[in-house]
Amino acid sequence: MNRAFRLCLTVVAVLASTGVFAADKLPTVVVLATGGTIAGAAASDVQAAYTSGQVGVDQLLAAVPQAKKLAAMRGEQIANIGSQDMNDEVWLKLAKRVNELAAMPDVDGIVITHGTDTIEETGYFLNLVVKTKKPVVLTAAMRPSTALSADGPLNFFNAVAVAANKDAAGRGVLVVVNDWIHGASSLTKASTTAVQTFLSPLRGLVGTVAYGECEFYRGAVGKNTMDSEFSLDGVTALPRVDIVMAHENMDGAIIDAAVAAGAKGVVIAGVGNGNMTKPALDALAAQAKKGIVCVRSSRVATGRVGRNVEVDDDKLALVASDDLNPQKSRVLLRLALLKQRSLADIQRLFREY
Ligand code: ASP
């Protein structure tokens, strides 16, 4: 080997080690596992009964070796719970860890495995409090890992593909399930058992992903991540906000009970355009007068709740949820209540986020 050739090899080795030949280098994706059916297990592959959060992150990664072709991956176990048990402690830990990882130059994207029951709430919460343009992608499954035709492995594979894709950056926190890429502000769970459970009814899909092939249509709707004015710096607890569902013959007892239990805000899952009976509205307005922030959302699957339609929000000091459903309205209101704000400012948040 002559000197010139040896020198050439050395230069190639140095360039490779500094990542200049980035085309050869896989993106790094960190997987944060929280549990859910995607990590669930049943005694047989054809039974409905199962337990969420049985499989650890290492097993989850090992179950989808195909994803190693898309990204260099490492995993961390944040929790291992059914997402019906999701709580503020896990939320604060998860958001902190996402922000830490996203700030690391060698991390290109983050995948979070989660249960489907509350993924829309966790996704929307992260959408408001993580400060990064890097892809943050939640995924889940409707069938446990042991089921015949489990949906988790392909959902996981697709989520890694989206997190590793540069075009996913700057679109807010995303949720990838069953080939669809949803904005965290848009999606809602629409079926208790079907694999095609998530819809983004008003705001539409961000994109699609088929066997790792991504197609992006648009960005997320609503302010998020880098544009968001919310921050968890110094936050150790979130204010209590309760959701009360409206129904025929409703009185104000549950609204008053929520406030008595410590709620600083109440979200009504109203009938129709955020409506409720006269006794319920009287109770709500009385709480609003005392300084409890009261938001009218809707129990209807799609559609906006507008201000001053059948309810005089201006007169009763109420907030209309715009197109946020009750569970997402609750998330936004909890963050809004971290500081003193006027009702006009809170109404602005519901229009902008
Ligand atoms: N109960 C489960 C959960 O949310 C359902 C699922 O993941 O599909 O954790």
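A quick note: this is a predicted structure, and the numbers were derived from the prediction, not measured. Whatever order the structure lists ligands and atoms in, that order sets their numbers, starting from 1.
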| field | Full working for salt bridge (Lys or Arg N to Asp or Glu O under 4.0 Å) between R348 and E229 | value | CA-CA 12 Å; R348 172 190 65 80; E229 64 205 83; 2.7 Å; yes

| message | Heavy-atom distances under 4.0 Å decide this one: backbone, side chain, both or neither, for S52 against ligand 1? | response | side chain

| query | Which ligand 1 atoms are under 4.0 Å away from a heavy-atom of G82? | reply | 9 (O)

| message | Determine whether a donor-acceptor pair (N or O, by modelled atom type, separation under 3.5 Å) exists between the side chain of Q196 and the backbone of N178. | response | no

| query | For ligand 1, is A141 a contact, meaning one of its heavy atoms is under 4.0 Å away? | reply | yes

| message | Polar contacts were defined as any N/O atom of the residue lying under 3.5 Å from an N/O atom of the ligand; does this apply to K189 and ligand 1? | response | no

| Basic-acidic side-chain contact under 4.0 Å: K93, E89 | no

| Proximity of A140 to ligand 1 by residue part, where a heavy atom lies under 4.0 Å | neither

| query | To the nearest 0.1 Å, how far is atom 8 (O) of ligand 1 from its closest protein heavy atom, and which atom is that? | reply | T116 OG1, 2.5 Å

| query | CG of D106 to OG1 of T28: how many Å apart, nearest 0.5 Å? | reply | 6.0 Å

| said: Does ligand 1 come near enough to T118 that some N or O of the ligand is less than 3.5 Å from an N or O of the residue? | reply: no

| remark: Checking D314, D322, D313 against R307 for side chain to side chain donor-acceptor pair (under 3.5 Å), the one that qualifies is D314

| Salt-bridge criterion met for D323 and R304 (N-O under 4.0 Å) | no

| field | For atom 6 (C) of ligand 1, the protein heavy atom that lies nearest, with its residue and separation | value | T37 OG1, 2.7 Å

| query | Who's the nearest protein heavy-atom neighbour of atom 4 (O) of ligand 1, and how far? | reply | S83 OG, 2.5 Å

| From D282 CG over to Q287 CD, what is the distance, rounded to the nearest 0.5 angstrom? | 12.0 Å

| query | Can you check whether Q84 has an N/O within less than 3.5 Å of an N/O in ligand 1? | reply | yes

